[in-house]
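Note sheet for the following structure.
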Amino acid sequence: GQRDACLLYTSPNAGNDGLITVCSNGLPVDLFAALGGTAQPGGTWSGVLAATNGVYDPATMDPGIYQYDVTAMGCVIDAAAVNVVELAAVHAGDDASLGVCSSDPTFLLFDALLGTPQPGGSWFDPFLAPSPGVFTPASSVPGCYWYIVQGMAPCMNCLLYTSRCV
């Protein structure tokens, strides 16, 4: 007799296109998790820069389209893409500690911040009450003043303080 062999191949499934938003100072993320549907593992990644094992690292990679390809013996490649959007992390500057005298002139706390703080943040006094960010040595409460720059998800808020000692 004659025997026939029948092989059954399943169609490759790369999942559905996805979108992921990351913060420029965030931790590496798994691009596979951003694929929609039921993507099968074992595919290969390509894109703006090769994603090592499907991991996107904001510290070393550029945002953009990363493609995931899956093949099965005898079947055509299936592909899905993940669009990586990277938001800039907020920066409230660097901590500063000031010593001032009660006779010193009024000054903007923002001007006392070190580094390159982003404008548009909010100031809070040592009791965490909103503050205009202006310090008058003769009448302002001494202590730590907090400056908070609002981040947009997934980037976290950034805060720092400057303190005044009389």
Donor-acceptor pair, [X] side chain versus [Y] backbone, under 3.5 Å?
X: Y66; Y: W45; value: no
X: D69; Y: T44; value: no
X: Q118; Y: H91; value: yes
X: S24; Y: A89; value: yes

(Q) Assigning hydrophobic clusters by single linkage (Ile, Leu, Val, Met, Phe, Trp, Tyr; side-chain heavy-atom cutoff under 4.5 Å), is V141 placed with W123? (A)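 V141 clusters together with W123.
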
Q. Side-chain heavy atoms under 4.5 angstrom apart, residues restricted to Ile, Leu, Val, Met, Phe, Trp, Tyr: same cluster for F135 and F127?
A. yes

Taking the side chain as everything from C-beta on, heavy atoms only, tell me whether [X] gets closer than 4.5 Å to [Y].
X: Y68; Y: V82; result: no
X: V100; Y: F107; result: yes
X: Y147; Y: S122; result: no
X: P126; Y: Y145; result: yes
X: I77; Y: P12; result: no
X: Y56; Y: P63; result: yes

Heavy-atom closest pair, residues [X] and [Y]:
X: V90; Y: Q150; answer: CG1-O, 3.5 Å
X: P58; Y: G26; answer: CG-O, 3.6 Å
X: A81; Y: D17; answer: N-OD1, 2.8 Å
X: A14; Y: A39; answer: O-CB, 3.4 Å
X: A80; Y: L35; answer: CB-CD2, 3.8 Å

Roughly how far, to the nearest 0.5 Å, is [atom2] of [Y] from [atom1] of [X]?
X: M156; Y: N25; atom1: CE; atom2: CG; value: 9.0 Å
X: I148; Y: L128; atom1: CD1; atom2: CG; value: 8.0 Å
X: E86; Y: C155; atom1: CD; atom2: SG; value: 8.5 Å
X: T116; Y: D94; atom1: OG1; atom2: CG; value: 7.0 Å
X: L19; Y: I65; atom1: CG; atom2: CD1; value: 8.5 Å
X: I20; Y: L31; atom1: CD1; atom2: CG; value: 6.5 Å

Q) Which is it for V29 and V22 under the side-chain contact (heavy atoms from CB on, under 4.5 Å) test, yes or no, and what are the steps along the way? A) CA-CA 8 Å; V29 294; V22 298; 3.8 Å; yes

